[in-house]
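Order of the sequence lines fixes the chain letters, A, B, ..., with proteins taken first and strands second; residue numbering starts at 1 for each chain.
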2 protein chains.
Amino acid sequence: MKIGELAKRTGVSIRSLRYYEQQGLLVPLRHDNGYREYSPFVVDQVRTIQLYLNLGLSTEQIAGFLQCVLKNKEAFCDEVLPIYQQKLKEIDAQIQLLSHIKQNLIDRIDSILLERTHQSEEERK
Amino acid sequence: MKIGELAKRTGVSIRSLRYYEQQGLLVPLRHDNGYREYSPFVVDQVRTIQLYLNLGLSTEQIAGFLQCVLKNKEAFCDEVLPIYQQKLKEIDAQIQLLSHIKQNLIDRIDSILLERTHQSEEERK
DNA sequence: CTTGACTCTTACATCGATGTTAGGGTTTAA
DNA sequence: TTAAACCCTAACATCGATGTAAGAGTCAAG
């Protein structure tokens with residue numbers, strides 16, 4: 001199938017499919033006219049790519065183990081686990097940072113509301 | 001004081017100080033030779049800017065209320081509260097997304113480890 | 001007067017997946 | 001044959017605070 005149909009079937013934009021190819025995630029055949037030709041199996045491959053992107057992995061990381069996981073179970077691909085664990089660390093760090101900021105915001109919001117309450121009480125006198 | 005000293009006193013890079021000015025957060029005087037001249041009060045002003053940046057606010061948002069909060073309590077500046085509340089919403093959304101991904105990663109890691117455990121047991125037979 | 005330390009402006013680079021556009025071939029159905 | 005619908009490459013834009021570098025002027029101490 002050509003790129004337009006693959007885009008429709010996967011819900012991934014043509015732009016992104018070309019980008020994945022540039023990053024080495026997809027290697028379509030080429031017709032004489034330069035058009036890309038994709039095997040039907042590639043639909044699943046694209047969905048797999050999307051799955052990993054949604055886990056926050058970069059195309060570079062995905063490229064490192066995609067060929068393996070397409071043929072085997074993840075547990076068989078030694079590159080996957082360390083990447084997952086590293087990503088988990090990063091996510092934890094981000095969550096911690098965001099939680100800190102969140103508490104900070106909550107405190108400041110409360111402080112403003114409290115101050116306004118006081119002010120209203122003053123005015124009522 | 002000149003920009004270099006302000007940078008030293010605040011720990012903010014010269015580059016950033018110029019950027020803040022470009023964003024309308026700082027308005028230093030200019031000497032005849034073009035050098036920026038900062039009042040000593042600006043040290044606190046820069047610290048205030050940093051504080052808001054660390055809350056995840058953009059320079060544009062900060063510019064919207066900086067003049068007010070420099071002269072009054074935050075509770076007096078009507079622009080602040082809605083920005084805090086909106087930021088809080090965004091942070092919550094991000095935390096939720098990250099938590100979702102985190103759980104997903106944990107599940108996949110567990111799955112891999114479990115599968116390897118099984119495999120080891122098989123091999124032991 | 002000279003040299004080192006400052007300062008100035010302008011502008012490109014970062015990070016990364018995706019959008020968008022321009023300019024130009026190809027295919028297909030009417 | 002023509003027009004619509006596809007496809008191609010190349011390249012700029014996004015988002016935003018900050019780093020970095022080039023080229024040039026200024027100032028201060030020796």
S.K.: What I want to find out is whether A:K87 reaches A:E90 closely enough, with some N-O distance under 4.0 Å, to be called a salt bridge.
M.R.: yes

S.K.: Please name all residues satisfying side-chain contact (heavy atoms from CB on, under 4.5 Å) with B:T48, sequence neighbours left out, ordered by chain then number.
M.R.: B:Y52, B:L66, B:L70

S.K.: Among residues 54-69 of chain A, which residues get a heavy atom nearer than 4.0 Å to DNA chain C?
M.R.: A:S58, A:T59

S.K.: Could you check whether any side-chain N or O of A:T117 sits under 3.5 Å from a backbone N or O of A:L113, counting only pairs where one atom can act as donor and the other as acceptor?
M.R.: yes

S.K.: Listed by chain and number, what are the side-chain contact (heavy atoms from CB on, under 4.5 Å) partners of A:H100, not counting sequence neighbours?
M.R.: none

S.K.: By a strict heavy-atom criterion of less than 4.0 Å, which residues belonging to residues 30-38 of chain B are in contact with DNA chain D?
M.R.: B:N33, B:Y35

S.K.: Just distance, no hydrogens or angles: give the donor-acceptor pairs under 3.5 Å from side chains in residues 11-18 of chain B, sequence neighbours left out.
M.R.:
from	atom 1	to	atom 2	distance (Å)
B:S13	OG	B:S16	N	3.1
B:S13	OG	B:S16	OG	3.0

S.K.: Is there any disulfide bond (SG atoms under 2.5 Å apart) pair reaching into residues 19-71 of chain A, and which pairs are they, with sequence neighbours excluded?
M.R.: A:C68-A:C77

S.K.: Mind jotting down which residue pairs meet the side chain to side chain donor-acceptor pair (under 3.5 Å) criterion with at least one end in residues 54-71 of chain B? Sequence neighbours excluded, please.
M.R.: B:Q23-B:T59

S.K.: Are A:R108 and B:E74 within salt-bridge range, i.e. N to O under 4.0 Å?
M.R.: yes

S.K.: Between D:dC7 atom P and A:M1 atom CE, what is the distance in whole Å?
M.R.: 12 Å

S.K.: Does a salt bridge link A:R30 with A:E37, judged by any charged N lying under 4.0 Å from a carboxylate O?
M.R.: no

S.K.: Do B:Y35 and B:I3 touch side chain to side chain, with heavy atoms closer than 4.5 Å?
M.R.: no

S.K.: Give the residues of residues 88-99 of chain A touching DNA chain C, defined as any heavy atom closer than 4.0 Å, sorted by residue number.
M.R.: none

S.K.: Can you pull the contact range of chain B along DNA chain C, 5' to 3', using atoms under 4.0 angstrom from its heavy atoms?
M.R.: C:dC6 to C:dA11

S.K.: Tell me, with the steps shown, if A:F65 and A:L57 meet side-chain contact (heavy atoms from CB on, under 4.5 Å).
M.R.: CA-CA 11 Å; A:F65 60 69; A:L57 303 189; 3.8 Å; yes

S.K.: Which residue in the set A:D44, A:L26, A:V42 passes side-chain contact (heavy atoms from CB on, under 4.5 Å) when paired with A:I49?
M.R.: A:L26

S.K.: Applying side-chain contact (heavy atoms from CB on, under 4.5 Å), can you list everything that pairs with A:V27, at least two apart in sequence or on another chain?
M.R.: none

S.K.: Which heavy atom of B:L6 sits nearest a heavy atom of B:T10, and at what distance?
M.R.: O-OG1, 2.7 Å

S.K.: I want to check something: taking the side chain as every heavy atom from C-beta on, are B:L25 and B:Q45 in contact at a cut-off of under 4.5 Å?
M.R.: no

S.K.: Do A:I106 and A:K102 have side chains that get closer than 4.5 Å, going by heavy atoms?
M.R.: yes

S.K.: How many whole angstroms separate atom NZ of A:K2 from atom P of D:dC8?
M.R.: 9 Å

S.K.: Angle between the two end axes of the helix from C:dC1-D:dG30 to C:dA30-D:dT1, five base pairs per end, rounded to 10 degrees?
M.R.: 30°

S.K.: Could you tell me whether the side chains of B:D92 and B:Q96 share a donor-acceptor contact shorter than 3.5 Å?
M.R.: no

S.K.: Go through residues 13-26 of chain B and report each residue with a non-hydrogen atom lying under 4.0 Å from DNA chain C, sorted by number.
M.R.: B:I14, B:R15, B:R18

